[in-house]
Amino acid sequence: MKLPPPLSFLPPLPSPPRLPRLPGPRLSSALVGATALELAVLAGHLITYPLGLTPERPESRAGSAGSARPESPARTDRPENAPSRPLALPVTGDPTAPAAAPPVVLLHGFIDNRSVFLVLRRALTRHGHRRTASLNYSPLTRDIRAAAALLGRQVEAVRARTGHDRVDIVGHSLGGLIARYYVQRLGGDRRVRTLVTLGTPHGGTAVAPGAGLHPIVRQMRGGSPVIEELRLPAPGCRTRFVSFWAELDQVMVPVETACVDHPDLDAVNVRVTGIGHLALPVHPAVAAAVREVLETPETGEADVPVTGATPAA
């Protein structure tokens, strides 16, 4: 006898209800582009990094090249080993730069060196005829306060070599925080006319890789003693601050932490769109904006036209 197919007499089961699709995270094209640019910048910087390991050759003061004695390169590996006399920080650029243009001291970020400023230095020396000086501090530096004291000695050396009473400083990431501590807590406002920071964690950042291994990284976290010191009153500070912060900066969390927010400081915050943390010191638009900021008189600097960036108070 032929049997019917199994269960052929049962009605078909209803299809399970379709669940609504939950919205998932979407990567914007701007973020994808910025990430790709960050990787390209990182790859390029790995190639140029060895160029910044050696110190710049010292340059004599303008007008006295024939009479100046050659000086041995200064040791800048450890702040505690630095001598008490002013260090011979090399100064590069056009020695015939206008007397009114202060030299620019460039200060790199964590585990970096002066090679990160190749694009910015070129923009400053070619177009603005500015003299520049780069400071390499050791990745073994354990304290922002010690690094700021070393920066102070370097600033004195630049003043002595160039004959200028004041300097401008451009600092990237941790370098900007070191420079701000020098200006705000160690009396550096008497020596620094303008401090430009690029992606600096002024309010502390929640992203601090290696914080358990390196003390100076812990000092960049929000609520650290150094960050809290920078919140203290600073009446009469004579330095103007210009902070460039990138909307797509993945190192500054939140991104607004790269803004200077202090009632006693003369500060302008400039929003940069389309790039991330590593691109800030090498992007041509940012380099041009920094040059314009340094060339702008101290009155009305909030109205500096910036290509690719937006001034924000």
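Contact annotation: the side chain of Val105 approaches that of Leu151 to within less than 4.5 Å [non-hydrogen atoms, C-beta and beyond]. A heavy-atom distance below 4.5 Å is found between the side chains of His277 and His172. The closest side-chain heavy-atom distance from Val192 to Arg166 is not below 4.5 Å. You'll find the side chain of Leu120 reaches within 4.5 Å of the side chain of Val170, heavy atoms only. The shortest side-chain heavy-atom distance between Val217 and Leu174 does not fall under the 4.5 Å cut-off. The side-chain heavy atoms of Asp165 and Arg159, taken from C-beta on, include a pair separated by under 4.5 Å.
Using a cutoff of 4.0 Å between basic side-chain nitrogens and carboxylate oxygens, Arg231 and Glu228 are scored as salt-bridged.
Judged purely by atom type and a 3.5 angstrom limit, Ser224 uses its side chain to pair as donor or acceptor with the backbone of Arg221. Listed for the Asn113 side chain is no donor-acceptor partner under 3.5 Å among the backbone atoms of Asn136. For the pair Arg193 (side chain) and Leu294 (backbone), a donor-acceptor distance under 3.5 Å is present. Looking only at distances, no side-chain donor or acceptor of Thr257 sits under 3.5 Å from a matching main-chain atom of Met252. Judged by distance alone, with hydrogens and angles left aside, the side-chain atoms of Tyr137 form a donor-acceptor pair with the main-chain N or O of Gly109 at under 3.5 Å. Judged by distance alone, the side chain of Glu247 and the main-chain N or O of Thr273 form no donor-acceptor pair under 3.5 Å. In this structure, Thr162 contributes its side chain and Val158 its backbone to a donor-acceptor pair below 3.5 Å. Under a 3.5 Å cut-off, the side chain of Arg291 and the backbone N or O of Leu124 do not form any donor-acceptor pair. Using a distance-only test at 3.5 Å, with no hydrogens or angles considered, no donor-acceptor pair links the side chain of Ser134 to the main chain of Leu106. Side-chain atoms of Thr200 come within 3.5 Å of backbone N or O of Ser173 as a donor-acceptor pair.
Asp249 CG to Ile275 CD1: the interatomic distance, rounded to the nearest 0.5 Å, is 9.0 Å. If you take OH on Tyr181 and CD1 on Ile227, they are separated by 11.0 Å, rounding to the nearest 0.5 Å. To the nearest 0.5 angstrom, Arg121 atom CZ is 12.5 Å from Arg126 atom CZ. Phe110 CZ to Ile216 CD1: the interatomic distance, rounded to the nearest 0.5 Å, is 7.0 Å. One finds the CZ atom of Arg131 at 7.0 Å from the NE2 atom of His164 (value rounded to the nearest 0.5 Å). Taking CG of Leu198 as the start and CG of Leu278 as the end, the distance is 12.0 Å to the nearest 0.5 Å.
The nearest pair of heavy atoms linking Thr239 to Leu195 is CG2-N, 3.8 Å. Nearest approach of Val260 to Ser243, heavy atoms of both residues: CG2-CB, 3.9 Å. In terms of heavy atoms, Leu186 sits closest to Ala149 at CD1-N, 3.8 Å. Contact between Ala179 and Leu107 at its shortest, heavy atoms only, is N-CD2, 4.2 Å. Leu265 and Gln184 get closest at one heavy-atom pair: CD1-OE1, 3.6 Å. Heavy-atom minimum distance, Trp245 versus Ala258: CB-CB, 3.6 Å.
A centroid separation of 6.0 Å or more is found between the aromatic rings of His262 and Phe241.
Looking at Arg180 and His202, their side chains do bring a donor and an acceptor atom within 3.5 Å of each other.
Among Asp189, Thr194, Asp168, Thr296, the one residue that satisfies the side-chain hydrogen bond (donor to acceptor under 3.5 Å, both in side chains) test with Arg240 is Thr194.
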